[in-house]
Visitor: 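Can you keep this structure in mind? I'll have questions shortly.
All ligand and atom numbering here is 1-based and tracks the order in the structure.
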Amino acid sequence: MIVLDGKKTAQDLKEEIKITVSEIRKDGQRSPHLAAILVGNDGASLTYVGSKVRSCKYVGFNSTLIHLDESTSEEILLKKIIELNHDDELDGYIVQLPLPNHINEEKILLAIDPKKDVDGFHPSNFGRMALEMDAFIPATPFGIMELLERYQIETTGKHCVVIGRSHIVGRPISILMSQKGQAGNATVTVAHSRTQDLVSLTKNADIIVMALGIPEYLRADMIKKGVTVIDVGITRVADENHPKGYIIKGDVAYDEVAAKAAAITPVPGGVGPMTIAMLLKNTLIAFQRKN
Ligand code: GUN
């Protein structure tokens with residue numbers, strides 16, 4: 001059994017990006033610059049955004065965190081977005097999701113300049129991705145593809161079952177894995193909350209991508225031997241024994257599934273770190289396209 005080590009792979013990627021940044025600097029150019037807008041104080045979002053900013057510093061990017069109050073109006077947020085769209089010193093930015101309920105997420109995502117949309121959430125980028133044109137690919141599915149590629153997991157002709165149809169993970173990974181190219185050419189089934197007889201699908205899967213958000217949902221009796229399992233779940237589960245008061249759980253019952261699998265991503269240390277590395281990669285691409 002191979003552990004698909006996202007922590008190590010993400011570190012390798014960051015080292016590669018760091019080298020490119022030092023070459024850019026030697027050339028007399030400014031560093032690539034990523035900004036993140038965070039509205040409110042959601043605990044998980046604060047952690048993710050903090051991690052993104054730290055990773056920027058590590059590779060030598062400039063980073064800006066725009067932390068707005070929970071009560072910020074949609075109008076003020078839109079103004080900020082227009083400002084970032086016009087900022088020539090900024091290559092890319094993200095608006096951390098979820099947004100507070102009084103803000104229309106769709107309206108916000110549509111306002112982002114697709115050239116700076118390093119999350120790949122704008123319909124222009126999503127559409128271009130689906131059409132196999134140059135596009136920013138959402139960081140989590142992009143990270144999964146990179147992990148499959150670097151570990152040379154055979155996907156051609158394999159049956160991949162994606163569980164979850166979110167716009168951020170399930171839907172884009174199902175598109176990417178069915179496309180031509182590396183980590184592609186798979187026969188993909190997208191399962192979701194309305195799917196009937198899910199176990200008959202998972203039992204016949206060569207690759208399973210779990211992007212459901214239900215801790216330890218996938219169990220050993222739902223899979224065949226030799227499957228590759230990608231766990232995108234990162235749910236905080238209360239745990240009094242832990243100093244933080246919670247632990248992070250994936251969508252996979254790791255020990256029992258790992259015992260039967262050929263390859264598996266751990267949680268933490270699997271897909272999570274890859275997401276951040278690929279956001280950096282998208283920012284570098286945005287910088288290179290501009291310059
Ligand atoms: N919330 C959860 N994942 C993501 C992500 O990849 N990007 C943004 N902007 N928000 C998120």
Side-chain angles (χ1 to χ4, degrees), residues 6 10 13 34-56 61 63-68 70 72 74 77-78 80-81 84-85 90-101 103-126 129 135-147 164-173 175-176 209-214 230-236 248-251 265 267-268 270-283 285-286:
L13 269 155
L34 172 71
I37 303 181
L38 173 63
V39 186
N41 293 299
D42 175 73
S45 292
L46 278 164
T47 306
Y48 300 150
V49 170
S51 201
K52 288 168 187 175
V53 170
R54 269 196 309 280
S55 296
C56 279
F61 282 6
S63 67
T64 304
L65 171 58
I66 300 155
H67 192 173
L68 303 173
E70 177 84 26
T72 301
E74 191 176 279
L77 180 57
L78 281 169
K80 194 76 217 170
I81 286 176
L84 298 187
N85 285 346
L90 183 67
D91 303 295
Y93 67 96
I94 64 155
V95 178
Q96 187 65 28
L97 303 178
L99 287 165
N101 287 335
I103 297 176
N104 182 335
E105 193 174 293
E106 190 176 305
K107 210 164 162 183
I108 298 302
L109 295 182
L110 279 168
I112 298 173
D113 178 349
K115 291 195 288 301
K116 290 188 176 177
D117 172 37
V118 284
D119 253 334
F121 292 169
H122 189 284
S124 164
N125 277 310
F126 204 94
M129 174 197 69
F136 289 116
I137 294 167
T140 303
F142 197 10
I144 295 170
M145 296 298 281
E146 187 74 22
L147 208 50
R165 55 181 161 182
S166 74
H167 296 169
I168 298 183
V169 187
R171 185 74 60 200
I173 194 68
I175 293 170
L176 293 169
V209 179
M210 290 299 296
L212 195 60
I214 302 177
I230 307 292
D231 189 353
V232 189
I234 33 162
T235 307
R236 290 182 173 198
I248 302 288
K249 284 225 183 253
D251 289 353
T265 61
V267 175
V271 175
M274 290 301 291
T275 297
I276 294 181
M278 299 320 274
L279 178 66
L280 299 177
K281 181 150 187 183
N282 274 344
T283 306
I285 293 170

Visitor: So which pairs with a foot in residues 271-282 pass salt bridge (charged side-chain N to carboxylate O under 4.0 Å, His left out), sequence neighbours left out?
Guide: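 For residues 271-282, and leaving out neighbouring residues, there are no salt bridge (charged side-chain N to carboxylate O under 4.0 Å, His left out) pairs at all.
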Visitor: Keeping Ser45 on the side-chain end and Asn41 on the backbone end, is there a donor-acceptor pair under 3.5 Å?
Guide: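 Checked: no pair found.
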Visitor: Counting only heavy atoms closer than 4.0 Å, does ligand 1 sit against the backbone of Val95, its side chain, both, or neither?
Guide: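 It is the backbone that touches ligand 1; the side chain stays farther off.
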Visitor: With a sphere of 6.0 Å drawn around NE2 of His67, does it hold more than 12 non-hydrogen atoms of other residues, nucleotides or ligands?
Guide: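 Enclosed.
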Visitor: What protein heavy atom sits nearest atom 11 (C) of ligand 1, and how far off is it?
Guide: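 I find the closest protein heavy atom is Gln96 NE2, 3.3 Å.
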Visitor: Which heavy atom of the protein is the closest neighbour of atom 8 (C) of ligand 1, given with residue, atom name and distance?
Guide: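 Answer, as residue, atom name and distance: Asp119 OD2, 3.3 Å.
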Visitor: Any heavy-atom pair between the side chains of Phe121 and Ile94 that's under 4.5 Å?
Guide: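 Not in contact.
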Visitor: Tell me which protein heavy atom sits closest to atom 1 (N) of ligand 1, plus the residue, atom name and distance to 0.1 Å.
Guide: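 Result for atom 1 (N) of ligand 1: Leu97 O, 2.9 Å.
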Visitor: Can you spot which of Asn282, Asn85, Asn125 makes a side-chain hydrogen bond (donor to acceptor under 3.5 Å, both in side chains) with Asp117?
Guide: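 Considering Asn282, Asn85, Asn125, a side-chain hydrogen bond (donor to acceptor under 3.5 Å, both in side chains) with Asp117 is found only for Asn125.
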Visitor: Within the structure, is a non-hydrogen atom of Tyr48 found at a distance of less than 4.0 Å from ligand 1?
Guide: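 In this structure, Tyr48 fails to qualify as a contact of ligand 1 - no heavy atom is under 4.0 Å.
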